[in-house]
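Heads up: the structure comes next, in structure tokens.
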Amino acid sequence: MKAKKHKTIPWSREITGRIPLRIFGTFLCAAALFAGLVSCGGRSEAKSSDEDSGIILGFSQIGAESAWRNCNSRSVQEAAHDAGVQLLFENAEQKQENQIKAIRSFIAYRVDVIAFVPIVADGWDNVLREAKTAGIPVLVTDRKIVTEDPTLYAGFIGTNSEEEGRNAGRFLVNKFADEGMKKPVRIVELYGTEGSSPAMGRARGFREILADHPEFSIVYSESGDFLHSRGYEIMRSVLDSGIAFDAVFAHNDGMVLGALEAMKESGIAPGKDVAIVTIDAEQAAIDALRAGEVNCVIECNPKTGPAIMDLAKRLAAGEKIPRLMHVEERVFSEGDVGLDELAPRGY
Ligand code: GZL
């Protein structure tokens with residue numbers, strides 16, 4: 001079985017525009033995120049809905065491919081209600097062309113602000129140019145875009161995919177170093193959606209760490225599109241092909257949970273016979289960590305709804321916002337103190 005080559009995009013074209021306000025931006029988002037922390041597990045009792053802000057926000061969501069995505073959607077919808085923002089919410093069912101159509105409909109409707117989760121990083125310049133011509137500010141959320149023109153969007157709020165990938169690499173390097181193993185460490189990578197910023201970023205960060213440790217190698221990598229079913233299918237075919245491996249790096253929990261099922265069917269004890277590291281930190285992955293079936297879970301926070309509403313109000317008021325806002329994220333590892341006391345994840 002040949003590991004499939006993955007699409008990469010020279011991020012030099014990606015405008016991040018880190019500015020000193022980033023810390024302020026992080027604070028702003030952390031504060032707003034705190035307000036939303038209960039949002040996925042149920043309406044945040046503390047807040048009643050604001051007066052109608054008079055703001056109309058068009059939001060294009062990717063779809064419903066994972067528990068993470070569904071929580072992200074709930075966070076946006078509940079935060080809009082609580083903030084008194086009128087939300088036009090469009091689910092693209094995993095198709096970029098549906099997102100482009102949705103953004104065009106938001107422009108025609110003359111919303112005050114557009115926010116969207118770009119399913120892939122490329123291909124947005126034309127429709128964002130139409131939004132710019134219409135004078136509608138655009139907020140990119142969760143996943144990043146690549147563009148030659150930084151004026152096409154006001155700012156980005158979401159997670160730091162490269163750092164998530166680096167944390168995955170650091171965990172495996174430390175785990176195998178701790179075990180005094182200098183023998184080769186063979187890794188199967190369950191890759192996210194081809195061309196998406198989280199997949200490319202996680203892969204890049206992971207490889208950056210491994211580059212200093214030549215005993216580690218990725219013996220197979222294939223896109224499972226962040227889907228549970230594809231994680232199972234890929235692992236099933238890897239096991240049936242006889243590829244030997246010591247660790248699995250999954251770009252999200254959905255795929256790793258499918259892969260665990262395939263490993264157990266083959267009599268493999270995940271977390272013991274094979275080291276498992278995954279990203280998102282949905283409840284099922286935390287439960288697997290507690291059960292010893294996963295060794296490390298890296299948080300990717302979906303609860304950005306309150307921060308998005310705060311930024312939408314600022315954009316509607318004509319304010320500038322920080323260019324790049326990464327939300328704070330944690331790493332949960334085997335043996336951590338307090339794993340059993342973690343609050344319900346809400347996704
Ligand atoms: C990451 C997000 C990814 C999650 C997946 O920021 O875009 O998409 O890791 C989700 O679970 O499908």
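Indexing begins at 1, ligand by ligand and atom by atom, following the structure's order.
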- Audit row: Lys101, Glu90, salt bridge (charged side-chain N to carboxylate O under 4.0 Å, His left out) steps and yes/no: CA-CA 10 Å; Lys101 279 187 207 135; Glu90 289 284 337; over 6 Å; no
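The ring of Phe206 has its center closer than 6.0 angstrom to the ring center of Phe249. In this structure, Phe116 has its ring center closer than 6.0 angstrom to the ring center of Trp124.
Using a cut-off of 4.0 Å between Lys/Arg side-chain N and Asp/Glu carboxylate O, Arg236 and Glu233 are scored as not salt-bridged. Classification of Arg345 and Glu282 as a salt-bridged pair fails, no side-chain N sitting under 4.0 Å from a carboxylate O.
Residues passing the side-chain contact (heavy atoms from CB on, under 4.5 Å) test with Glu65 are Ile62, Arg69, Gln94, Arg143, Phe226, Leu227, sequence neighbours excluded.
Protein residues lining ligand 1, listed by chain and number: Glu65, Ser66, Trp68, Arg69, Asp142, Arg143, Thr159, Pro198, Arg202, Phe226, Asn252, Asp280, Cys300 [non-hydrogen atoms, distance under 4.0 Å].
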